[in-house]
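Note sheet for the following structure.
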Amino acid sequence: MTTPESIRDALLSSPKVRPTGAGTKPALSQNEPGGLSLSLSAYQGITEYDPGEFTFTARAGTRLETIAAVLASHGQYLPFDPPLVQEGATLGGAIASGLNGPGRYRYGGLRDFILGAVFLTGDGRLIRGGGKVVKNAAGFDFPKLLVGSLGRLGVILEATFKVFPLPQERLRARADGGSLAGGLELVQRLSLQPADLECLDLTPEGVVWLQLAGDTGTLAPRLDRLGRRVGAIFAPVDPTTPDDPDRLRPGAALTVKVPLTPARVTRLDAALTTLHLPRRYEAAAQTAWIGATAADLPALDAQLRQLALGGLSLQHAPARIGQWPSPAAENIVRRAFDPDGRLA
Amino acid sequence: MSFISDLQAIFPPDRCLLDGAALAAYESDGLTAFAATPRAVVVPVTREEVVAAVRVCAVWAVPFMARGSGTSLSGGAVPVEDGLVIAMNQMNRILRLDPQARLAVVEPGVINLAVSQAAAPHGLYFAPDPSSQQICTIGGNVAFNSGGAHCLKYGMTANHVIGATIVTPTGEILECGGESVESLGPDCLGLFCGSEGLFGIALELTLRLIPKAELFHTLLAGYDSTDKAGEAVSAIIAAGILPGAIEIMDRLAIDAAEAATHCGYPPNAATVLIVELEGPIEQVESEKQRLAAIIEQSGPLESRVARDADDRALIWKGRKSAFSAVGRLSPDFIVQDGVVPRSRLGEALRRIAALAQDHGLRCANVFHAGDGNLHPLILFDASVPGEHERGEALAGRILEMCIEMGGSITGEHGVGLEKRAFLTPMFGEPDVAFMREVRRAFDPAELANPGKMFPSGEAPALQSHGLHPLEKAGIISRE
Ligand SMILES: Cc1cc2nc3c(=O)[nH]c(=O)nc-3n(C[C@H](O)[C@H](O)[C@@H](O)COP(=O)(O)OP(=O)(O)OC[C@H]3O[C@@H](n4cnc5c(N)ncnc54)[C@H](O)[C@@H]3O)c2cc1C
Ligand SMILES: Cc1cc2nc3c(=O)[nH]c(=O)nc-3n(C[C@H](O)[C@H](O)[C@H](O)COP(=O)(O)OP(=O)(O)OC[C@H]3O[C@@H](n4cnc5c(N)ncnc54)[C@H](O)[C@@H]3O)c2cc1C
């Protein structure tokens with residue numbers, strides 16, 4: 001499947017289709033019995049990259065790892081910090097699953113960096129949405145709509161993204177809040193500071209992890225000043241120690257994403273304590289990442305429903321647990337995007 | 001029973017306007033080139049009233065348009081002839097401001113600047129800052145995905161809205177997004193932003209607030225050619241610096257700004273470049289050394305750094321008033337809004353100058369150089385036969401150039417009425433046809449703001465071009 005035409009023919013060959021990338025989120029790309037798995041992983045390649053424009057365009061099957069390496073060789077990066085890069089996640093899969101890493105805290109998520117997309121509708125029409133320049137307000141923003149669509153609205157063929165310059169240096173540090181409540185309080189104080197933090201994570205024990213990024217030589221004094229301002233002692237962390245928060249990055253041990261607000265952390269955490277599930281709160285407690293096996297999912301699902309929270313499980317089915325947002329708007333756009341219900 | 005009596009059953013007479021004089025105030029918007037008379041104007045004060053009005057329109061198949069402050073520069077807020085205007089400006093309460101969650105829940109008629117003012121005591125602000133921000137509404141910002149001078153680093157309105165309650169043209173209520181910056185499922189909220197009122201009316205919006213930067217560093221440099229200024233921008237980008245704003249103005253715009261505001265721009269320069277760094281103190285201190293070296297290398301006629309907050313404000317005043325100021329030099333003008341790849345800004349300006357000469361008109365340029373967003377300002381005198389037509393023709397040629405260069409027909413002002421003819425050249429027939437299908441999925445009877453964005457039918461009456469009444473009064477200025 002290396003041309004839009006062959007992908008389209010394959011799409012139209014079956015009444016039920018699930019597009020897939022590399023399959024790093026098996027629960028998401030899982031298919032219904034009798035449905036066709038349409039793999040985009042051979043549709044690869046960066047088609048345009050002009051570092052001076054801060055933009056690139058690549059085919060959906062291109063591995064994020066490849067993209068990240070090419071960007072890095074020009075001193076640029078994907079600011080939304082996608083998970084599962086090393087595991088082989090593809091660009092199309094990243095868009096369709098809409099996942100972000102801890103670095104989304106600084107400049108926003110994937111939705112804030114996608115500029116354009118070429119896709120096939122469920123009935124096989126080739127559509128181009130958005131544009132290839134960093135600013136564009138013409139037409140409907142289909143690229144954003146496809147973010148989080150889980151392969152259920154369209155087959156993404158190609159996308160254009162905005163990128164940013166890599167910082168010269170990064171500094172990771174931790175502070176102990178003593179308890180979840182203490183840590184949460186510190187996170188909230190930090191999130192109101194003009195500190196331009198790259199990451200701001202919290203563990204259930206109340207340890208606050210942060211990451212600064214910027215010019216060489218500026219980070220230690222910034223950390224020092226920040227600590228004095230919020231009355232906390234930050235210990236710089238060697239990223240190679242076993243304490244490295246990257247070990248707990250989403251996708252590896254933590255496989256369920258739950259969008260959150262800081263006010264709801266305490267109750268969610270109490271529930272997760274009862275269930276004995278590992279977890280971490282990211283982006284100033286705007287997301288919980290939870291480790292759950294297939295056996296844990298039913299209980300987690302029930303708890304999330306009670307708290308009126310929803311979750312996306314990447315590794316084990318069902319992918320959608322807890323209370324999901326109303327599908328009313330999605331159902332409306334589906335009439336145009338997938339009139340035959342091929343991708344539903 | 002009639003459409004009007006149904007409205008009167010919902011709205012008291014002082015909020016249900018029917019007579020000619022009252023309706024006249026709603027005939028046009030910031031573009032002022034088009035005007036149309038609505039059948040009625042209602043002024044809801046609750047979301048229930050908005051929903052009820054939309055449902056009455058659905059029953060009687062009457063087209064409607066939500067209106068914020070009417071500052072649209074593309075004719076987006078010109079009423080549908082004989083339709084209903086739903087004026088949202090009385091729904092202007094900030095319902096909740098939660099500094100801990102860094103969000104504000106607002107009614108759509110809230111003025112953009114009011115959000116930042118309310119957030120200021122917590123060190124927070126709402127990032128999108130169109131230069132109409134003292135007057136335009138959040139609902140209008142969302143409908144047009146409005147921008148401003150800070151889009152390269154901070155994005156547009158869509159990047160700062162995290163939740164919306166919407167009433168669709170069939171009267172259905174939709175909830176999109178929520179209170180978290182993360183969400184589940186397709187990003188329908190992202191689709192709603194920038195949909196120019198064609199999917200329905202926003203009833204309530206949840207906005208993301210961010211901490212105000214600790215330090216600003218504003219640099220002004222004058223060059224003897226636009227190319228040199230453009231090269232300086234490229235060098236800044238190549239050095240991995242991400243300024244909060246990078247703006248360029250040409251000679252005509254400088255003259256006008258200087259005359260209007262005495263902003264102290266270099267007197268002999270063909271072009272001025274404004275670069276503003278912002279961030280934590282240590283970072284800005286480091287970047288400003290790097291920036292100084294780049295500017296030095298770029299061969300400016302002169303350059304200076306804002307001494308203090310007042311000086312910074314003066315530099316920005318010149319920039320922000322440029323268009324209204326140029327407008328005062330000419331009886332009529334057209335503000336154009338297009339985007340080209342940033343690295344081809346110099347080429348775009350040369351082509352615009354040549355096109356202007358071909359059309360025998362003057363054209364001033366002010367642009368957001370960081371994101372390649374051009375705002376050519378075409379000057380003409382409508383009382384001279386043929387000038388208006390030539391102005392329109394030139395504006396169109398500039399958009400064609402943007403498309404040809406791989407850019408966009410609008411960076412922030414939207415398609416509205418003005419650019420309907422250019423949507424298909426930019427996207428192609430199949431894409432536009434599909435957009436229309438998506439629109440019909442929300443609005444099968446096409447009652448919400450019909451005639452906008454899509455190439456179609458008749459345009460409302462053309463009037464003259466000129467300053468927005470509020471600009472004449474000196475209340476707002478355009479970017
Ligand atoms: C911890 C871990 C364990 C793993 N274990 C195994 C294993 O045991 N066996 C194994 O074979 N692999 C395994 N993998 C690899 C992984 O399952 C696959 O490589 C692959 O599914 C990942 O592809 P992706 O990330 O690009 O997106 P996918 O997981 O393929 O897809 C994510 C979502 O995006 C959608 N999507 C993808 N591409 C598109 C597109 N172009 N257009 C529209 N929608 C699209 C899908 O429908 C799906 O909803 C593992 C990975 C990890 C991280
Ligand atoms: C002097 C001047 C300077 C400007 N500078 C900038 C600038 O720097 N950047 C920029 O991007 N724009 C700029 N603009 C354009 C304009 O201010 C923006 O487009 C603004 O967002 C419009 O807001 P408004 O409240 O006036 O909306 P209106 O003009 O009243 O309406 C605009 C559109 O929004 C729709 N709408 C309004 N409220 C709602 C709602 N609640 N739900 C759904 N749809 C709704 C209307 O139907 C209409 O289609 C400028 C305009 C002027 C006059």
Side-chain angles (χ1 to χ4, degrees), chain A residues 50 52-54 75 98 100 108-109 111-112 121 125 127-128 131-142 144-149 153 164-166 188 191-196 214-215 218 221-222 257 259-263 283 286-287 310 312 324-326 328-330 332-333 335-336, chain B residues 99-102 122-123 145 147 151-152 155 159 174-176 179-188 190-191 193-195 211-214 234 237-238 240 242 279-280 282-283 286 339 341-343 371-373 406-412 414-415 423 426-427 431 434-435 437-438 441-442:
Chain A
D50 183 349
E53 293 294 330
F54 279 1
N100 304 301
R111 76 179 294 269
D112 300 304
T121 58
R125 282 174 297 172
I127 304 295
R128 198 163 54 100
K132 288 188 172 174
V133 280
V134 295
K135 197 173 186 186
N136 171 31
F140 297 141
D141 199 341
F142 296 141
K144 275 204 187 62
L145 176 70
L146 291 167
V147 176
S149 62
L153 282 180
F164 274 169
L166 262 172
Q188 303 211 317
S191 76
L192 290 171
Q193 293 298 319
D196 213 6
D215 283 9
T218 62
R222 267 173 69 186
K257 164 190 154 175
L260 199 64
T261 51
Q286 295 271 336
T287 320
L312 181 68
W324 266 53
S326 154
E330 180 175 353
I332 292 174
V333 291
R335 287 178 211 149
Chain B
Q100 297 305 338
R102 279 191 4 201
H122 308 285
N145 195 10
C151 294
L152 179 63
N159 306 109
L174 300 177
E175 299 283 348
C176 297
E179 297 208 342
S180 175
V181 298
E182 283 286 336
S183 61
L184 296 170
D187 194 343
C188 296
L191 178 68
C193 291
S195 60
K212 194 157 187 274
E214 198 171 33
S234 296
I237 296 292
L242 186 59
E282 296 83 351
Q283 178 66 22
S286 168
V339 184
R342 172 183 39 228
S343 52
D371 34 41
N373 190 182
S408 172
I409 57 172
T410 169
E412 51 184 23
V415 177
L423 194 68
M426 177 167 166
F427 284 98
D431 297 343
F434 181 67
M435 284 182 203
E437 268 175 59
V438 174
F442 281 92

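Keep in mind that the numbers below use all heavy atoms, side chains included, and drop hydrogens, waters and symmetry copies. Lettering follows sequence order; numbering is per chain, from 1.
Contacts between A:P221 and chain B at a heavy-atom distance below 4.5 Å involve backbone atoms as well as side-chain atoms. B:S343 touches chain A through backbone and side chain together, each having a heavy atom under 4.5 Å away. Only the side chain of B:R102 has a heavy atom closer than 4.5 Å to any heavy atom of chain A. Looking at A:A195, the atoms closer than 4.5 Å to chain B (heavy atoms on both sides) all sit in the backbone: N, CA, C or O. Interface residue A:F164: only side-chain heavy atoms are found under 4.5 Å from chain B. For a residue to count as touching a neighbouring chain, one of its non-hydrogen atoms must lie under 4.5 Å from one of that chain's; by this rule B:I237 touches chain A with backbone and side chain alike. For B:L184, the parts lying under 4.5 angstrom from a heavy atom of chain A are both the backbone and the side chain. If you measure heavy-atom distances from A:R128 to chain B, the contacts under 4.5 Å come from both the backbone and the side chain. B:N159 touches chain A through backbone and side chain together, each having a heavy atom under 4.5 Å away. Using a 4.5 Å cut-off between heavy atoms, B:V438 touches chain A through backbone and side chain atoms alike. Using a 4.5 Å cut-off between heavy atoms, A:L260 contacts chain B through its backbone alone, with no side-chain atom that close. Residue B:A213 touches chain A through its backbone alone, counting heavy-atom pairs closer than 4.5 Å.
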Evaluate salt bridge (charged side-chain N to carboxylate O under 4.0 Å, His left out) for A:K144 paired with B:D187, printing each intermediate quantity in order. CA-CA 6 Å; A:K144 275 204 187 62; B:D187 194 343; over 6 Å; no
Please evaluate residues B:S408 and A:K135 with respect to the criterion side chain to side chain contact (heavy atoms under 4.5 Å, CB included), reporting the C-alpha separation (whole Å), side-chain torsions for both, the decisive distance (0.1 Å), and the verdict. CA-CA 8 Å; B:S408 172; A:K135 197 173 186 186; over 6 Å; no
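Looking only at distances, no side-chain donor or acceptor of A:D196 sits under 3.5 Å from a matching main-chain atom of B:P280. Between the B:E182 side chain and the A:T287 main chain, no donor and acceptor come within less than 3.5 Å of each other. A donor-acceptor pair is defined here as one N or O able to donate and one able to accept, closer than 3.5 Å; no such pair exists between the side chain of B:S180 and the backbone of A:T261.
Proximity of A:E53 to B:P341: side-chain heavy atoms (C-beta onward) are separated by under 4.5 Å at one or more points. Looking at heavy atoms from C-beta onward, A:L145 lies in side-chain contact with B:C188 at the 4.5 angstrom threshold. Looking at heavy atoms from C-beta onward, A:P262 lies out of side-chain contact with B:Q100 at the 4.5 angstrom threshold.
Contact record, B:R342 with A:F54: NH2-N, 3.4 Å, taken as the closest heavy-atom pair. Scanning all heavy atoms of the two residues, the minimum distance from A:G214 to B:Q283 falls at CA-OE1, 3.3 Å. Between B:A441 and A:R335, the shortest heavy-atom contact is O-NH1, 2.8 Å.
The CZ atom of A:F140 sits 9.0 Å away from atom CG of B:L423, with the distance rounded to the nearest 0.5 Å. How far CG of B:N145 is from CG of A:N136: 9.0 Å, rounded to the nearest 0.5 Å. A distance of 11.5 Å separates OG of B:S183 from CD of A:Q286, quoted to the nearest 0.5 Å.
The pair A:R125-B:E437 meets the salt-bridge criterion, since a charged nitrogen lies less than 4.0 angstrom from a carboxylate oxygen.
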